[in-house]
Amino acid sequence: MNEETQPATVRVFIALAPPDHAKEELARELRPAYATHPRMRWNRIEDWHITLAFLGELPVETVPALRPLLAGLAAAHRPPRLALRGGGSFDDRVLWSGIDGELDTLHELAVDVRSAVRSHGVTFAERPFRPHLTLARARRGDLTSAGEIAAGLAEFRGGGWPAARLHLVGSNVGRSSGPIHYRDIEAWPLGDGRATGAQDPDTA
Ligand code: 2AM
């Protein structure tokens, strides 16, 4: 990033991510839809995630204080066992895959993450937690594609996996005219207390 345009804020969210084998299974299932719906704005497979809390734009200096908080939270929560299952759409525009498995554990994790961040003094607008993995967004005026593709996913049942890590993710939305990209700021293993992940020079 150009030094002169470096922002004083960073757009962040907290998420889980399926392992590669689970993503590959779903990507194979989607292959026909990629071909028949090239005008959908497809998310990159490497960016697929399950958002637990969307914090929005935060001052860059807020991020370091979130690290120990999230590391502790991750260590204190057992990894929920999850699977990708079926599909749906929000408002005929947002195409998603559903999440199956230990949903009570997942909800508890989302609630705890949100309340820990809030009690740390970070305010953010909360949407009700509806576990899903966003796959694509339809372009304006396209009211049929998302529903059609979701219907094609109805029978999809992915294999189960433990959600290994809690991810603090940064997004480049609004920073450039190109596609949206996400990058891990840091990720912490769920349940075993060992922290991993790259230090990001923008936010460290
Ligand atoms: P999603 O969970 O449906 O994919 C980064 O923008 C991530 O945070 C996206 O995954 C996005 O939607 C999720 N998100 C949740 N609430 C949001 C909001 N108010 N604005 C933008 N993204 C939000």
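One-based numbering, in listed order, for ligands and for the atoms of each. Counting begins at 1 with the first residue of the sequence.
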Pairs flagged by ring pair (Phe, Tyr, Trp, His ring centres under 6.0 Å) wherever residues 135-168 is involved - sequence neighbours left out: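 Checked against ring pair (Phe, Tyr, Trp, His ring centres under 6.0 Å) - neighbours excluded - no pair reaches residues 135-168.
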Pairs satisfying side-chain hydrogen bond (donor to acceptor under 3.5 Å, both in side chains), at least one member in residues 119-130, at least two apart: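 Non-adjacent pairs meeting side-chain hydrogen bond (donor to acceptor under 3.5 Å, both in side chains): R114-E126, R118-E126.
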Under 3.5 Å, side chain of [X] to main-chain N/O of [Y], donor-acceptor pair present?
{"X": "R93", "Y": "A138", "result": "yes"}
{"X": "T36", "Y": "P32", "result": "yes"}
{"X": "H37", "Y": "A35", "result": "no"}

Show me the donor-acceptor pairs within less than 3.5 Å that the side chains of residues 20-28 make with the rest of the protein, sequence neighbours left out.
from: K23; atom 1: NZ; to: I45; atom 2: O; distance (Å): 3.2
from: E25; atom 1: OE1; to: G159; atom 2: N; distance (Å): 3.1
from: E25; atom 1: OE2; to: G159; atom 2: N; distance (Å): 3.4

Set of residues that line ligand 1, where lining means a heavy atom lies under 4.0 Å from it: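 Heavy-atom contacts below 4.0 Å: R11, F13, H49, T51, F54, R127, H132, T134, R137, Y182.
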